2 protein chains.
Amino acid sequence: MNLKIATEIGKCLSNQIRFQILEWLKEPEKHFPPHETLKHFNDGVCVTYIKEKTELSQSTISTYLTNMEKCGLLISTRHGKWSYLKRNEETIKQFTDFLT
Amino acid sequence: MNLKIATEIGKCLSNQIRFQILEWLKEPEKHFPPHETLKHFNDGVCVTYIKEKTELSQSTISTYLTNMEKCGLLISTRHGKWSYLKRNEETIKQFTDFLT
DNA sequence: CAAACATATCTATAATTCTCGATATATAAA
DNA sequence: TTTATATATCGAGAATTATAGATATGTTTG
């Protein structure tokens, strides 16, 4: 972790919805339905469900999640036409270690 | 800690200089001279020294530090005409706990 | 009290970020 | 291969944040 990346993470955390997504993803089964095809949360939650829950436009949510992945907060996995997202606990730990 | 405050903290951490100040304040004696009058760092570092090190204008640094104090990242103490700032480790811990 | 110094606040412009619709790309299903 | 669905990227106007000069406030010192 370095100052530049930490600041990029800070930018992601400067918006209530983005922060909220990160909180929801702590316990996906509590906040999202299991995907119709994939009946588990091994790779996190389908983008579509996050989009629906936040009520943001598709392009906005896509930008949010892409940026959160770029700075290492999230891990993205494709299954067919769907993208799944989960927290990257390793980066989150590096970030909190850097801060404290 | 709640989402609103956490996001305010995120805003403070979204700027490299503000984040850097927080890093410097981990070890004041390594990054700042001891104050001429107060020969210790018990209450942190004098605003003037932070201003000089960052090379920002007085009004900008004042705004930065005020906001960082408002969201609980810093603790401000006045000694006469000087203000001293130190990290608020309690809030920082609450923030990292909230995130993880 | 007046002058000097440190910090805070106000105001305005510059810079950045937000947000979405439009459009492109990727994959699946028909 | 055509159509439908999911996600990504582009471009632009709206909203927010950055930044500093001017000015105000608070405190010390002479």
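So that the names make sense, note that chain A is the first sequence line, chain B the second, and so on, each numbered from 1. Not measured: the values here are computed from a predicted model.
- Rounded to an integer number of Å, the gap from OH of Tyr49(A) to P of dT7(D) is 10 Å.
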Contact pattern, 5' to 3', of nucleotides 18-30 of chain D - B, S or - by protein heavy atom under 4.0 Å: SSBBB----SS--
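- Residues passing the ring-ring contact (aromatic ring centres under 6.0 Å, His included) test with Tyr49(A), sequence neighbours excluded: His35(A).
- A donor-acceptor pair under 3.5 Å is absent between the side-chain atoms of Arg87(A) and the main chain of Leu25(A), judged by distance alone.
- Within 4.0 Å of Ser62(B), counting heavy atoms only, lies at least one base atom of the nucleic acid.
- Glu55(B) CD: 12 or fewer foreign heavy atoms inside a 6.0 Å radius.
- Using a 30° and 60° split on the angle between ring planes, Trp24(A) and His31(A) fall in the tilted class, from 30° to 60°.
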Working for salt bridge (Lys or Arg N to Asp or Glu O under 4.0 Å), residues Lys93(A) and Glu90(A): CA-CA 5 Å; Lys93(A) 171 123 190 6; Glu90(A) 200 177 328; over 6 Å; no
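- As a whole-Å value, the separation of Lys70(B) NZ from dT17(D) P is 13 Å.
- At distances below 3.5 Å, at least one donor-acceptor pair connects side-chain atoms of Ser14(B) with backbone N or O atoms of Lys11(B).
- End-to-end axis angle of the helix from dC1(C)-dG30(D) to dA30(C)-dT1(D), from C1' rotation axes over five pairs per end: 20° (rounded to 10 degrees).
- Phe98(A) meets the ring-ring contact (aromatic ring centres under 6.0 Å, His included) test with Phe19(B); sequence neighbours excluded.
- The backbone N or O of Thr100(A) lies less than 3.5 Å from a partner atom in the side chain of Lys26(B), making a donor-acceptor pair.
- In summary, contact between chain B and DNA chain C, defined as any nucleotide atom under 4.0 Å from a heavy atom of the protein, begins and ends at dC5(C) to dT9(C) in the 5' to 3' direction.
- Listed by chain and residue number, nothing satisfies the side chain to side chain donor-acceptor pair (under 3.5 Å) test with Lys81(A) (two or more places apart in sequence, or in another chain).
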